[in-house]
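Quick notes on the structure that follows.
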Amino acid sequence: MPELPEVETVKRGLEPAMVGKRISNVDVNRAGLRFPFPENMAARLVGQKVLGLSRRAKYILVRISGGDVLLMHLGMSGRFTVHEPEGQKNVPGQFYHDAGTGKHDHVVFHMEDGTKIVYTDPRRFGIIDLFPEDQMSDYKLLVSLGVEPLGNTLTADYLNAAFKGRKMPLKAALLDQKIIAGLGNIYVCEALFRTKLSPRRQAASITGKSRPTQRLDELVRVIREVLNEAIASGGSSLRDFAQSDGELGYFQHSFQAYGREGEPCVAPGCAGQIERIVQSGRSTFFCPHCQR
DNA sequence: AGTAGAACCTGAGCGC
DNA sequence: TGCGCTCAGGTTCTAC
């Protein structure tokens, strides 16, 4: 999927198109995505006003009048595009009247001002759900998520406790959404590369007895740094990701390890080469020479 | 307890 | 032009 920086970018792109406006219609073009859509989804949304958008891990949460929350997850290939009526800013190369009619355009939100917000998702691993706001703390998809990597709850002390005694590879521990919620494959690879930590070492190996090790301090700092840099450049844009207005992000040009199998390591003074290995079914890109 | 693998899907890219 | 194979940003479930 789009990872956290992409989701944050999408959220920011959707905000001006949705907040403060009423939903005038919703086209639901199939029965569901990863899960079936909730009963009467369109009926529960039509006529409601969008109060605000937020993000939790890789979920976009839309608070609407009437007390419901619309939850959206982009899966691996989900994308939102915003299409304004003729004469206004629009998606390049696409006519307004065609927006939302594509093969993989599964849900279209029509706002009262004529703006269409189209959810497109070829692989259909995405999620769109609706639940009462007062059930937020029990909601199944959010309840077991770990800390936000950009929030102040991600600290070296927290990771020290979470990783203590864990024999799983560091890569797998960082991808575990129950520990840190929102880190994905790309940014884990990049953070480990920048900290020169091997993705294969045991998670527990960078913990300290009572206080976090210096390497763990550094890792926490770098996780934030990588994510913030990616958000600042509008997220990454691989095959399936576009910003909500169709613009592309630029951070993919900054990957130092991800997708660079066989290329020389860019770490100063390192003569190594980036390798690709598979860990728990996912590709890991790293430099075995300098990442220890 | 931890981990590997499969499952959910489609499309892009490559070698032949 | 096309076939068959591998790969892809995520998450959850089952099986060892």
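Since the model is a prediction, treat every value here as computed from it, not as a measurement.
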Contact list for residues 145-156 of chain A, test side chain to side chain donor-acceptor pair (under 3.5 Å), sequence neighbours left out |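 Listed by first then second residue: A/Arg55-A/Glu148, A/Arg56-A/Glu148.
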Pairs satisfying side chain to side chain donor-acceptor pair (under 3.5 Å), at least one member in residues 202-215 of chain A, at least two apart =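 Matches after skipping sequence neighbours: A/Arg201-A/Ser205.
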Scan A/Lys103 against the nucleic acid and name what it touches under 4.0 Å (heavy atoms): base, sugar-phosphate only, or nothing.
->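 The residue A/Lys103 makes sugar-phosphate contact but no base contact.
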Heteroatom pairs (N/O) under 3.5 angstrom, protein to nucleotides 14-16 of chain C:
none

Can you list every salt bridge (Lys or Arg N to Asp or Glu O under 4.0 Å) pair that touches residues 18-28 of chain A, not counting sequence neighbours?
-> A/Lys21-A/Asp113
Could you list all the salt bridge (Lys or Arg N to Asp or Glu O under 4.0 Å) pairs where at least one residue sits in residues 258-287 of chain A, not counting sequence neighbours?
-> A/Arg260-A/Glu263
Which of these nucleotides, C/dT11, C/dA8, C/dG10, is closest to any side-chain atom of A/Gln177?
-> C/dT11
Tell me the ring-ring contact (aromatic ring centres under 6.0 Å, His included) pairs involving residues 262-292 of chain A, sequence neighbours left out?
-> A/Tyr258-A/Phe285
Expected rows: protein N/O vs nucleotides 1-3 of chain B N/O, under 3.5 Å:
{"residue": "B/dT3", "atom": "OP1", "partner": "A/Lys167", "partner atom": "O", "Å": "3.4"}
{"residue": "B/dT3", "atom": "OP1", "partner": "A/Met168", "partner atom": "N", "Å": "2.6"}

Paired stretches of DNA chain C - 3 or more consecutive Watson-Crick or G-U pairs, each distance under 3.5 Å | B:2-8 with C:10-16, B:10-16 with C:2-8
With a 3.5 Å cut-off and just heavy-atom distances, do the side chain of A/Arg124 and the base of B/dC9 make a donor-acceptor pair?
->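 Check fails, no donor-acceptor contact within cut-off.
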[X]: partners by side-chain contact (heavy atoms from CB on, under 4.5 Å), with sequence neighbours left out:
{"X": "A/Val28", "value": "A/Val26, A/Phe37, A/Met41, A/Ala42"}
{"X": "A/Gln256", "value": "A/Glu190, A/Phe193, A/Arg194, A/Val266"}
{"X": "A/Asp129", "value": "A/Pro38, A/Leu71, A/Ile127, A/Tyr139, A/Lys140"}
{"X": "A/Arg292", "value": "none"}

Verify the distance criterion only: is there a donor paired with an acceptor across the side chains of A/Thr115 and A/Glu84 at less than 3.5 Å?
->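 Not at all, the side chains of A/Thr115 and A/Glu84 share no donor-acceptor pair under 3.5 Å.
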